[in-house]
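For reference, the structure discussed in these notes is given below.
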Number of protein chains: 2
Amino acid sequence: MIRTEPSVADHLQNSQKIPARTRKADISRERVLGAAAKIFAERGYAGTTMRAVADRVGLQAASIYYHYRSKEDLIEAVIGTALVGVSQAVHLAVASLPASASGRDRIDSAIFAHLTSVLTFGDYALASRRVLGQIPAHVRRKHVALRDAYGNFWLELLESARVGGELRGDIDLHLARTFILGALNSALEWYKPQGKALHEIASQFSLLIDEGIFAQTRK
Amino acid sequence: MIRTEPSVADHLQNSQKIPARTRKADISRERVLGAAAKIFAERGYAGTTMRAVADRVGLQAASIYYHYRSKEDLIEAVIGTALVGVSQAVHLAVASLPASASGRDRIDSAIFAHLTSVLTFGDYALASRRVLGQIPAHVRRKHVALRDAYGNFWLELLESARVGGELRGDIDLHLARTFILGALNSALEWYKPQGKALHEIASQFSLLIDEGIFAQTRK
DNA sequence: GTCTATACTTTGATAGAC
DNA sequence: GTCTATCAAAGTATAGAC
């Protein structure tokens, strides 16, 4: 991932139908959002001050209010960007498989897309993961619903693989789902673009999720 | 887990060599700590106010300073309780296995102990997981070292299983370790004592980690 | 041990000049 | 669009009575 921020910018433009010729306001608005994502991720919701965000982009705190109405608006934009972005990427990846794809193909594709997009969204995803529980209840509600809908998509993925007889019969699918997402999201905490290539990490995770850590000792 | 708090109390007493006859100060001190753990976990470090903690135990904010010198002291105690508690529990569980135990026995035992103790420490573990990155650097240093030492223990567990030829040869052990811990710790986010029994969850996690989600399709 | 009172700092947000 | 100036509210922490 050499270009992290640009992808997020693209997402914002696409989802808001903004003309390609970005104006000054859009540039500032997006720089503020990126700075906010990083600081929210590092210090939590209450620990993030408008002054700290402003400092990071060379503005005065008051200037942020030209772009965002409040701190709540800011965190909402950060979380929304990550949640919608990841969800869209994964849906798209799975939907673009041929009809003949097996359950395992679909799950592996979802694993790859989830890991890739979560790491691409970097600070946005991290902020989303870390502060969703800290924000005011009326702001949280909508995003929790989004996250739950995404979780539901994974459950269906697992259910259809089980119907196809591919999945083990002795595991609880709800539990398997949180297990998978928990493991994938934990990559956010340590992944560094300088390390192992993203596709390598993704295929290792696929292997671990699909077949486990032990050699063929299945009884 | 019917008795969550008492276990934590026991841990505190054991680790600090306090006489069994608990005095008033100890009771208050521990109630403050428990309340702080819960609020830190919910609202993050900066989002937790001394007033909120005090309210929860029916004290005035100023009274907390009789038991803890500062907010930093308070979060340090919360995180330390969880980190030391979980680490001790897992070390103990693995150490108490017979010398003949296989690598898989040892890993399964560690999985069970980790999951059990993490869920037993509940709010303490949750606070530790969520705010470790939000606290002042000089407070964080010591706890990051503790956490890394614990991570190292897991790496050794995996390495010795690989030497024994039990583990797959095609997985990166560092990656497998974070994968496992990430998945186990994610249980903190959704586990409720009213749900499935703890030992059932633990054995499902063992199965998932050890053998993966798919039926025997190994090529 | 816990309280009331309070000093001092930082925060989110607004008003209005440029 | 961004700035300076400013405010009311809320934060950590201390002092001293009880």
Side-chain angles (χ1 to χ4, degrees), chain A residues 12 16 18-19 21-37 39-40 42-79 127 131 134-140, chain B residues 9 12 16 18-19 21-37 39-40 42-78 127 131 134-140:
Chain A
L12 289 174
Q16 293 176 207
I18 289 171
R21 190 91 169 79
T22 314
R23 297 155 312 164
K24 183 181 180 190
D26 297 321
I27 295 180
S28 267
R29 190 180 154 89
E30 200 218 318
R31 293 190 63 221
V32 167
L33 193 63
I39 301 179
F40 276 130
E42 281 171 359
R43 308 194 206 163
Y45 180 70
T48 296
T49 69
M50 299 304 257
R51 283 169 177 77
V53 174
D55 277 358
R56 190 156 227 283
V57 293
L59 288 180
Q60 291 300 309
S63 304
I64 294 184
Y65 289 89
Y66 176 81
H67 302 285
Y68 294 92
R69 196 191 306 255
S70 66
K71 188 179 174 180
E72 291 183 0
D73 259 40
L74 200 45
I75 190 63
E76 214 172 328
V78 168
I79 296 182
V131 311
Q134 298 174 12
I135 61 183
H138 67 277
V139 181
R140 182 167 56 228
Chain B
L12 289 174
Q16 296 178 206
I18 290 169
R21 189 90 170 79
T22 313
R23 297 156 313 168
K24 184 182 180 189
D26 298 321
I27 296 179
S28 267
R29 190 181 154 89
E30 200 217 317
R31 292 190 62 223
V32 167
L33 194 63
I39 302 179
F40 277 130
E42 281 172 358
R43 308 193 207 164
Y45 180 69
T48 296
T49 69
M50 300 303 256
R51 284 187 236 286
V53 174
D55 277 358
R56 189 156 228 283
V57 293
L59 289 180
Q60 291 301 308
S63 304
I64 294 184
Y65 290 88
Y66 176 82
H67 301 285
Y68 294 91
R69 198 193 303 256
S70 66
K71 188 178 173 182
E72 292 183 359
D73 259 41
L74 199 46
I75 189 61
E76 214 172 328
V78 168
V131 311
Q134 298 174 12
I135 61 183
H138 67 278
V139 181
R140 183 167 55 227

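Values below: all heavy atoms of this structure, side chains included; hydrogens, waters and symmetry mates excluded. Here is the naming used below: chain letters follow the sequence lines, and residue numbers restart at 1 for every chain.
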Relative to the 5' end of DNA chain D, which residue comes earlier, A:R51 or A:A61, by the nucleotide with the nearest heavy atom?
-> A:A61

Spacing between [X] atom [atom1] and [N] atom [atom2], to the nearest angstrom:
X: A:D73; N: C:dT14; atom1: CG; atom2: P; result: 11 Å
X: B:R23; N: C:dT2; atom1: CZ; atom2: P; result: 12 Å
X: A:Y66; N: C:dT14; atom1: OH; atom2: C1'; result: 17 Å
X: B:Y68; N: C:dT2; atom1: OH; atom2: C1'; result: 16 Å
X: B:Q60; N: D:dA17; atom1: CD; atom2: C1'; result: 15 Å
X: A:M50; N: D:dT4; atom1: CE; atom2: P; result: 17 Å
X: B:Y65; N: D:dT14; atom1: OH; atom2: C1'; result: 9 Å
X: B:H67; N: D:dT12; atom1: NE2; atom2: P; result: 17 Å

Do A:R29 and A:D26 sit within salt-bridge range, that is, some charged N less than 4.0 Å from a carboxylate O?
-> no

Counting the atoms with a prime plus P, OP1 and OP2 as sugar-phosphate, which does [X] contact under 4.0 Å by heavy atoms, base, sugar-phosphate, or nothing?
X: B:S63; value: base
X: A:A25; value: sugar-phosphate
X: B:G47; value: nothing

Listed nucleotide nearest any side-chain atom of A:L59, set D:dA13, D:dT2, C:dG12 =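 Comparing D:dA13, D:dT2, C:dG12 against the side chain of A:L59, the answer is D:dT2.
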
Closest nucleotide among D:dT4, D:dA13, C:dT4 to the B:S70 side chain | D:dA13

Trace of the side chain to side chain contact (heavy atoms under 4.5 Å, CB included) decision for B:L74 with B:M50 = CA-CA 10 Å; B:L74 199 46; B:M50 300 303 256; 4.2 Å; yes

Nearest-nucleotide 5' precedence on DNA chain C, B:S28 against A:E72 =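 Nearest nucleotide further toward 5': that of B:S28.
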
A:R56 vs A:I39, side chain to side chain contact (heavy atoms under 4.5 Å, CB included): CA-CA, chis, key distance, verdict = CA-CA 9 Å; A:R56 190 156 227 283; A:I39 301 179; 3.9 Å; yes

Stacked cation flag B:K71 on B:Y65, 6.0 angstrom / 45 deg = no

Which atoms form the tightest heavy-atom contact between A:V53 and A:V32, and what is the distance?
-> CG1-O, 3.9 Å

For D:dG1, does either OP1 or OP2 sit under 4.0 Å from a side-chain N or O belonging to A:K24?
->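 Negative; the distance criterion is not met.
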
